Amino acid sequence: MGKVFYKYILPLIIIIIGSWALDLVAVYLKNDVITIIIKALLMFSFGIAIQTKRRYKTWLKKLLIAFVVAYLIIYQLGYFHITLISELFNLLAIDSLAISLLYVYLGWLFFD
């Protein structure tokens, strides 16, 4: 049961609870900042949930991933832009969907 839960049921629970939380924020708070942060955390935690193997000794990679996730959240909020990265995102046509997929990938990579 444990392996099945972590492999199949936990990602489904994260999707259900996350979509419920996003709906609640949209209805009651109507705040874009909180919505972007909850969406980023939801995507990142989904990426962590689909990673079946866990490695805990790679602290430098985790620190780098944490900085990238924090930058992406700040970038989506519009508070801080590095011109080179903004031009790279425009060149590669990275929009909000691609950034959401980046959150999932970074969450998956966090324990790889």
Side-chain angles (χ1 to χ4, degrees):
M1 171 77 185
K3 193 172 188 179
V4 172
F5 176 77
Y6 286 111
K7 191 170 183 178
Y8 300 109
I9 299 173
L10 183 63
L12 183 63
I13 290 172
I14 289 173
I15 290 171
I16 292 169
I17 291 175
S19 64
W20 176 71
L22 284 173
D23 287 342
L24 284 177
V25 167
V27 169
Y28 292 113
L29 294 179
K30 296 180 181 165
N31 190 346
D32 290 336
V33 174
I34 295 174
T35 304
I36 289 173
I37 292 172
I38 288 176
K39 186 176 179 182
L41 293 176
L42 168 70
M43 296 293 179
F44 189 79
S45 62
F46 178 72
I48 287 174
I50 61 175
Q51 176 61 272
T52 56
K53 60 183 178 185
R54 303 267 195 241
R55 280 196 264 175
Y56 296 99
K57 297 181 182 178
T58 57
W59 67 271
L60 185 61
K61 182 175 73 170
K62 290 179 183 179
L63 183 66
L64 181 64
I65 289 172
F67 281 133
V68 170
V69 168
Y71 174 75
L72 286 175
I73 291 172
I74 292 170
Y75 177 82
Q76 274 191 311
L77 292 173
Y79 293 145
F80 182 69
H81 289 267
I82 297 175
T83 308
L84 179 66
I85 295 176
S86 297
E87 289 178 9
L88 180 68
F89 281 2
N90 289 335
L91 178 69
L92 298 175
I94 294 178
D95 55 353
S96 63
L97 175 64
I99 291 176
S100 297
L101 293 174
L102 270 173
Y103 288 131
V104 173
Y105 175 70
L106 290 170
W108 178 82
L109 195 62
F110 192 74
F111 279 122
D112 184 40

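From a predicted model like this one, the values you see are computed outputs, not experimental measurements. Sequential numbering from 1 along the given sequence is applied to the chain's residues.
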For the hydrophobic clusters of this structure (ILVMFWY residues joined by side-chain heavy atoms under 4.5 Å, transitively), does one cluster hold both Leu64 and Val104?
no

Measure the CD1-CD1 distance between Ile74 and Ile36 for me, rounded to the nearest 0.5 Å.
12.0 Å

Take Gln51 and Phe110 through the test side-chain contact (heavy atoms from CB on, under 4.5 Å) and record every step on the way to the result.
CA-CA 9 Å; Gln51 176 61 272; Phe110 192 74; over 6 Å; no

If I take atom OG from residue Ser100 and atom CG from residue Asp95, how far apart are they, to the nearest 0.5 angstrom?
8.5 Å

According to a hydrophobic-cluster definition based on side-chain heavy atoms being under 4.5 Å apart (Ile, Leu, Val, Met, Phe, Trp, Tyr only), do Tyr105 and Leu101 belong together?
no

For the atom pair CD1 (Ile48) and CG (Leu109), what is the distance rounded to the nearest 0.5 Å?
10.5 Å

Is there a path from Leu12 to Ile50 through hydrophobic residues (I, L, V, M, F, W, Y) whose side chains come within less than 4.5 Å of each other?
no

CZ of Phe67 to CG of Leu72: how many Å apart, nearest 0.5 Å?
13.5 Å

Same cluster or not: are Val69 and Ile34 linked, directly or through other Ile, Leu, Val, Met, Phe, Trp or Tyr residues, by side-chain heavy atoms under 4.5 angstrom apart?
yes

Closest non-hydrogen atoms of Ile94 and Ile99, given as atom of the first, atom of the second and distance, are CG2-CG1, 3.8 Å

Test side-chain contact (heavy atoms from CB on, under 4.5 Å) on Phe44 and Leu106; report intermediate values, then the result.
CA-CA 7 Å; Phe44 189 79; Leu106 290 170; 4.1 Å; yes

Taking atom NZ of Lys61 as the centre, does the number of heavy atoms from other residues, nucleotides or ligands within less than 6.0 Å exceed 12?
yes

Donor-acceptor pairs under 3.5 Å, side chain of residues 77-92 to any protein atom, not counting sequence neighbours: which ones?
residue	atom	partner	partner atom	Å
His81	ND1	Ser86	OG	3.4
Ser86	OG	Ile82	O	3.2
Asn90	ND2	Ser86	O	3.3

Under 3.5 Å donor-acceptor pairs involving side-chain atoms of residues 13-26, not counting sequence neighbours:
residue	atom	partner	partner atom	Å
Ser19	OG	Ile15	O	3.1
Ser19	OG	Ile16	O	3.0

Nearest atoms (heavy-atom pairs only) where Gln76 meets Tyr103:
OE1-OH, 3.1 Å

Is the number of heavy atoms from other residues, nucleotides or ligands under 6.0 Å of Tyr71 OH greater than 12?
yes

